[in-house]
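In this chain, numbering begins with 1 at the start of the sequence shown. Keep in mind that the numbers below use all heavy atoms, side chains included, and drop hydrogens, waters and symmetry copies.
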Amino acid sequence: WAKASGIAGGYAGGAFRPAAPVTRQQATVMLYRYAKTTDLPLEKGSDRDLAGYRDVDTIPTWSREAVQWAVRNGLWFSGSATELQAAENVSWEELTVLTQRLFLGGMPAAALSAAPEGLTMETPAKKPLLAGIAETRDRFSGSIRRRLPGDEGALVTAMCTGDKTALSPDVTFGFRQAGLSHLLAVSGLHMAILAQAVLGLLRFLRVPRRWAALGAAGVVVPFMLLTGMTPSVVRSGVMCLVLLAGQLLRRRADSRNSLGFALLLLVLPNPYVVLDVGLQLSFAATVGLVALGPWMQDKAFAWLRRGRPEEWKIPGWARRPTAALCVSLAAMLPTLPIVAVTFGELSLIAPLSNLAAVFPSTLLVVSGCLAMVLDAVPFLGWMARGLLLAAGLVAKYLLGLTGGVASWRFATVSMTQPYLLVWLIGALLLMLLGYRLLGSRGLRRSAALSVIVLACGIGAHTVLMLSLIHISEPT
């Protein structure tokens, strides 16, 4: 019905992706197309209706008319008075309100912004600190997108500032299919890349280790503020600061204690922060890196050395990819249950796509962040343009990688069936128990048993569903 009525046209390439989340601008376009088929007394919008929003330049052409119409008629709601946040996902509650306002014939924008009777609204004499930081981020984002238009600029902006408003649904879908969604959300990976880059640069310039650690810490804190101080950013920022403080005080920092301390700082003022999916994924991935990463690397290197003399060293061409693959698997495994429950799907290609994307994403973050800093200096703008050009080329590679993977038929597997979630959690626990009791032999046996149980579950589900499927013949 939606396709025949011209309300929904699907994605590029002829796909509808019914399980994909819906953004504000997508929902608005569908409501706008539906409203045009009715007699609802709604006025057409214009660019003047969007003039008060800072992120107006991020609205793509295909949704701009619909967004103008929604704002004009008081249908739009993003939770912010200064940002449209059109590329963010729409919630069920918000979609219900939008639909109600549509069927009520719209709600004047003045009525939405007017203060209740008996209350007055005043502009503060001094601008809050966070407002100034938000304006700085918008200025950086706008500068990047002016020099790098299209999806390349939107990707560089998202990875360097955390501003994802300009990302198209196709780009978001491609990164999710490839198992690279974590690159779009500023987290521990981005913080570690930036801190290590600054620390390495200062050490290369012969700066003493303690002063280099202090300089890296001086970059981490502004980056946390610039990217919005989300729970995952705060977690990774606190861990970086604790590790850098260890170098500053000439003490060895413990990764597990640093992770626990960061989580404690987040939970004490707001216990509900544990419900944030970004924090859950960030925490689980960090636990995997700390607990599983070294063990997996040791096992992999021992397998490579098998049958070789003790003095034989693993060549670099084999050591580096093996270490990168172990790190990718260690970070991914603890997040599998969270991803399956939250998003209802798992990426089968994630380990390989992460292996192909980790180093390019490092180049993108370093060059993009350095370009933002140099762009603020008038006589260094030419250097910023060169760095953004390099970041744009890397972004084009990442977009090509995720776009190609997203077209693969078996890139992801749906986890919407309850028995699959139960199996996934049970398999992870069984393999952990098998390794604790019997070592590597127990791990292999429990993994094989998990595969057998999964095959039996899929077969039983298929047989049981046969009696529920009935294809009627056309009349």
Q. Is Ser63 close to Thr28 at the side-chain level, that is, under 4.5 Å between some pair of heavy atoms?
A. no
**Q.** Heavy-atom pair of closest approach, residues Tyr397 and Ala356
**A.** OH-O, 2.9 Å
Q. Got more than 12 heavy atoms from elsewhere within 6.0 Å of CZ, Arg210?
A. yes
(Q) Can you confirm whether more than 12 heavy atoms, excluding those of Trp295, are under 6.0 Å from its CH2 atom? (A) yes
Q: Answer yes or no: is there a donor N or O on one side and an acceptor on the other, between the side chain of Thr161 and the main chain of Ala158, under 3.5 Å?
A: no
Q: For the pair Arg203 (side chain) and Val207 (backbone), establish whether a donor and an acceptor sit closer than 3.5 Å, ignoring hydrogens and angles.
A: yes
Q. When rounded to the nearest 0.5 angstrom, what is the spacing between CG in Leu399 and CZ in Phe175?
A. 5.5 Å
(Q) Using 0.5 Å steps for rounding, measure from the CG atom of Leu289 to the CE atom of Met296. (A) 10.5 Å
Q.
On a heavy-atom basis, which atom in Val220 and which in Ala195 lie closest, and how many Å separate them?
A. CG2-CB, 4.1 Å
Q: Side-chain contact test, heavy atoms from C-beta onward, threshold under 4.5 Å: evaluate it for Val29 versus Arg33 and give yes or no.
A: yes
Q: Decide yes or no for Leu374 and Leu370: does some side-chain heavy atom of the first lie under 4.5 Å from some side-chain heavy atom of the second?
A: yes
Q. Between Gly153 and Ile144, which heavy-atom pair has the shortest distance, and what is it?
A. O-CG2, 3.9 Å
Q) Out of curiosity, Leu388 CG to Met372 CE, how far, rounded to the nearest 0.5 Å? A) 9.0 Å
Q | Rounded distance (nearest 0.5 Å) linking atom CD of Gln297 with atom OG1 of Thr322 | A | 9.0 Å
(Q) With side chain to side chain contact (heavy atoms under 4.5 Å, CB included) as the test, pick out the partner of Pro360 among Val394, Leu393, Val365. (A) Val394
Q. Any idea which heavy atoms bring Leu364 and Val156 closest together, and the distance?
A. CD2-CA, 4.1 Å
Q | Non-hydrogen side-chain atoms of Leu148 and Leu155 separated by less than 4.5 Å | A | no
Q) For the residue pair Ala371 and Ala384, what are the closest heavy atoms and their distance? A) O-CB, 3.4 Å
Q: Taking all non-hydrogen atoms of both residues into account, name the closest pair between Ala284 and Pro334 and its distance.
A: O-CB, 3.4 Å
Q: Could you please spell out the steps behind the side chain to side chain contact (heavy atoms under 4.5 Å, CB included) verdict for Leu180 and Leu401?
A: CA-CA 10 Å; Leu180 297 174; Leu401 173 68; 4.3 Å; yes
**Q.** Pairwise distance CG(Leu398) to OG1(Thr402) - rounded to 0.5 angstrom
**A.** 7.0 Å
Q) Is the closest side-chain heavy-atom distance between Phe261 and Val238 below 4.5 Å? A) yes
Q) Any sub-3.5 Å donor-acceptor pair from Ser353's side-chain atoms to Ala178's backbone N or O? A) yes
Q. Can you tell me how far the NZ atom of Lys396 sits from the CG atom of Asp151, to the nearest 0.5 Å?
A. 9.0 Å
